[in-house]
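Below, each value reflects all heavy atoms present in this structure, side chains not excepted, and no hydrogens, waters or symmetry copies. Atoms within a ligand are numbered from 1 in the order they appear, just like the ligands themselves. Computed from a prediction, not measured in an experiment: that's the story for all the values here.
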Amino acid sequence: MTVILAAAAILGFGYLLVSAVLRRIPAAPLCLPSDPIPAAWPGIVDANVPLARSLSADERQRLLRLVQLFLSDKHFEGCGGLTVSDEMKVTIAAEACLLLLHLEGPCYPALRTVLVYPRGFVPKIARSPQTGEIPETPAPLIGESWQDGVVVVSWDDVVRGAGNPLDGENVVLHEFAHQLDEEDGAGDGAPVLPGSALRTWGRVLSDEHDRLRRDVDHDRQSVLDEYGATNKAEFFAVATETFFEKPVQLEREHPELYEQLKRFYRQDPARWTPPPPS
Ligand SMILES: [Zn+2]
């Protein structure tokens, strides 16, 4: 028993050490492609990603380069009879890469495949009903992020989420925030951060998550969607949507949370000129 406990303690310590080291390793700089950017892409981004209209010319160029990198590295697959067009790929990649715009890390290193459904989809893995229980029809989902390298989105909801950049709802930003969160191997609301930033991040996110849970319990309005009360991973994903789509309100009502997200993403969307809804 003593040996087992000692082995467990060593493994536990090893895990903590490795995850601590992982959080401290500076990311390798991104090597962006230099091939010509296809002529249609800027128009697709302009039309479908209103948030990008708030970016500077240099940032838009970098976003297109990130899209190039994303599309050269990730596989898209249509589901439910959908054929994935270039417009769909560029739109989804541009929204996803908006999160990476000023990050130095790799481009979603664990992600291999993006599955695209035409509309809300029912997950394939549903809970088996107990004997005698009437099975519930699972509600359709608009997106999912899996830890084994897959993101799933509904195209209808990608269009709806991107088309209104001021409503705080954006399925692509949400699911790719999960991918960033999971880069260190744990979906716990803490993405890869410098060690010095981790403690403050943990405190602020924890306090803000508790605050949202209390707001939900007492039916109080919040700029953060109540789904963020589910757990810390969902809180980070919801906070990311709010940071990019309702930044002024988030900064006013949750200044500490806004500051942490601003430091992590190295972006300050509250200072952007708000894009007009499409
Ligand atoms: Zn989520």
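The Zn ion (ligand 1) has an N, O or S atom of Glu234 closer than 2.8 Å.
Looking only at its N/O/S atoms, His174 has NE2 as the one nearest to the Zn ion (ligand 1). Looking only at N/O/S atoms, His178 comes nearest to the Zn ion (ligand 1) through NE2.
Checking side-chain atoms of Arg60 against main-chain N and O of Ala52 turns up a donor-acceptor pair under 3.5 Å.
Residues satisfying the side-chain contact (heavy atoms from CB on, under 4.5 Å) test with Gln147, not counting sequence neighbours, are Glu182. Considering only residues two or more places apart in sequence or on other chains, Lys262 meets the side-chain contact (heavy atoms from CB on, under 4.5 Å) condition with Phe243, Tyr258, Glu259, Asp268.
Note that the CG atom of Leu224 and the CG atom of Asp215 stand 8.5 Å from one another [nearest 0.5 Å].
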